[in-house]
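The structure under discussion appears below in the form of structure tokens.
Here the structure is a predicted model, which means the values were calculated and not measured. Letters A, B, ... are given to chains in the order of the sequence lines, protein chains preceding strands, and every chain is numbered from 1.
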Number of protein chains: 2
Amino acid sequence: MKTATSENKGLARKLADSGLRMTTQREHVYNTLLEQTDHPSADDVYLRAKADMPEISMATVYNTLDALVKCGLIKQVNVERSATRYCSNLKEHCHFFCEECGNIHDVNFKKDKGALPLRIPKHLIPTQVDISIRGHCSNPVNCPNRAEN
Amino acid sequence: MKTATSENKGLARKLADSGLRMTTQREHVYNTLLEQTDHPSADDVYLRAKADMPEISMATVYNTLDALVKCGLIKQVNVERSATRYCSNLKEHCHFFCEECGNIHDVNFKKDKGALPLRIPKHLIPTQVDISIRGHCSNPVNCPNRAEN
DNA sequence: CTAGGTGCAAAAGGTTTGCGGTTAA
DNA sequence: TTAACCGCAAACCTTTTGCACCTAG
């Protein structure tokens with residue numbers, strides 16, 4: 001529970017750079033995250049932060065996590081917020097998710113997945129590798145907004 | 001609405017191979033999926049299947065989608081069913097998700113992401129590429145079950 | 001001073017589950 | 001015949017939202 005303000009000058013500045021305020025809750029959640037390298041869920045962070053700051057709320061944790069993502073101090077590991085999508089294309093391919101219209105496009109590999117430049121430790125036995133690309137599709141039809149859902 | 005049983009012999013056999021039954025609902029959902037290549041969500045599938053089979057339920061659609069995934073006829077695009085996880089490692093890396101214990105391990109790249117063997121069409125403008133690996137971690141400590149969450 | 005943040009509690013998706021009735025094999 | 005499956009509705013889990021109060025700058 002390092003409350004050393006010197007260490008968190010960076011946090012305050014980063015927040016300010018994104019037009020966000022420094023608060024005691026944000027400082028505390030950020031410190032909690034720095035002490036944990038096990039990719040916690042929002043609920044994990046909430047429980048851990050709550051231990052030292054019992055009155056903190058879930059909404060504040062979500063707010064803070066969003067703020068930290070926004071100013072680049074943390075990243076989300078699985079960024080898909082919406083419903084699971086299904087795919088009947090069984091050929092090896094990956095997916096391009098358009099952040100403007102929400103459509104998903106299939107993208108093919110040039111070679112096989114063996115060519116991926118990954119340094120996988122020997123004690124990790126992979127069974128599946130997924131590549132997902134985010135961006136926008138600048139179609140001539142210009143990325144029509146999805147009906148909804 | 002192709003109810004041609006000849007085309008769906010494969011479906012019945014694939015289901016049977018996984019110890020699952022062929023039902024009219026599953027055939028209908030599968031045909032619906034084959035007619036749609038836009039990576040529908042479960043709700044999309046439900047609405048479309050409902051058009052020709054008004055009494056079908058959401059639970060059945062989920063059941064069927066699980067069955068089709070189980071026998072390898074479709075795939076899930078974003079497979080993360082649980083909560084979003086957060087990461088404070090800002091170096092370029094990807095994630096290994098252990099399906100046994102639920103832990104996430106960081107995996108480093110050998111080179112930069114430019115080396116990925118992808119054939120991205122020119123009208124798709126990527127802003128972010130994520131690689132996620134699933135498998136199991138055969139640690140000496142032997143993949144301890146997570147507390148929960 | 002005031003825009004932005006906080007806590008609480010309720011609502012909103014997406015998915016799962018329990019149950020009585022139905023059906024494929 | 002019967003284990004598996006169906007439809008329905010309620011429950012569940014994660015995340016978002018509305019609102020009155022509070023606070024950083």
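For A:Lys50, the NZ atom counts as densely surrounded, since its 6.0 Å shell holds more than 12 non-hydrogen atoms of other residues, nucleotides or ligands.
If you measure from atom CG of A:Leu15 to atom C1' of C:dA3, you get 16 Å, rounded to the nearest angstrom. Separating the CG atom of A:Asp43 from the P atom of D:dT15 is a distance of 9 Å, rounded to the nearest angstrom. Here C:dA12 presents its P atom at 19 Å from CE of A:Met58, a figure rounded to the nearest Å. Rounded to whole Å, the distance from CD on B:Gln76 to P on C:dG14 is 15 Å. What separates OH of B:Tyr46 from P of C:dG14 is a distance of 14 Å, to the nearest Å. Taking atom CD1 on B:Ile56 and atom C1' on D:dC5, their separation rounds to 12 Å, with Å as the unit. Look at CG on B:Leu65: it is 9 Å from P on C:dT15, rounded to the nearest Å. In this structure, B:Glu55 atom CD and D:dA9 atom P are separated by 15 Å, rounded to whole Å.
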Inset, instruction - For side chain to side chain donor-acceptor pair (under 3.5 Å), just list the numbers for B:His39 and B:Asp44, CA-CA rounded to whole Å, side-chain angles, deciding distance to a tenth of an Å, and then say yes or no. - result: CA-CA 9 Å; B:His39 306 83; B:Asp44 291 332; over 6 Å; no

Inset, instruction - Dump the intermediate steps for side chain to side chain contact (heavy atoms under 4.5 Å, CB included) on A:Ile133 and A:Cys94, then the final yes or no. - result: CA-CA 8 Å; A:Ile133 309 165; A:Cys94 62; 4.1 Å; yes

Inset, instruction - Assign a letter to each nucleotide of nucleotides 18-25 of chain D from its 5' end: B, base within under 4.0 Å of a protein heavy atom; S, sugar-phosphate only; -, no contact. - result: -----BBS

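Note on B:Tyr62: every side-chain N or O is 4.0 Å or more away from OP1 and OP2 of C:dT16. Remark: A:Gln25 is in phosphate contact with C:dG7, judged by side-chain N or O atoms under 4.0 Å from OP1 or OP2.
At least one side-chain heavy atom of B:Val29 sits under 4.5 Å from a side-chain heavy atom of B:Ile56.
Remark: the B:Asn63 side chain and the B:Thr60 side chain contain no N/O donor-acceptor pair separated by less than 3.5 Å. Inspection of the A:Asp130 and A:His95 side chains reveals no N or O donor paired with an N or O acceptor under 3.5 Å.
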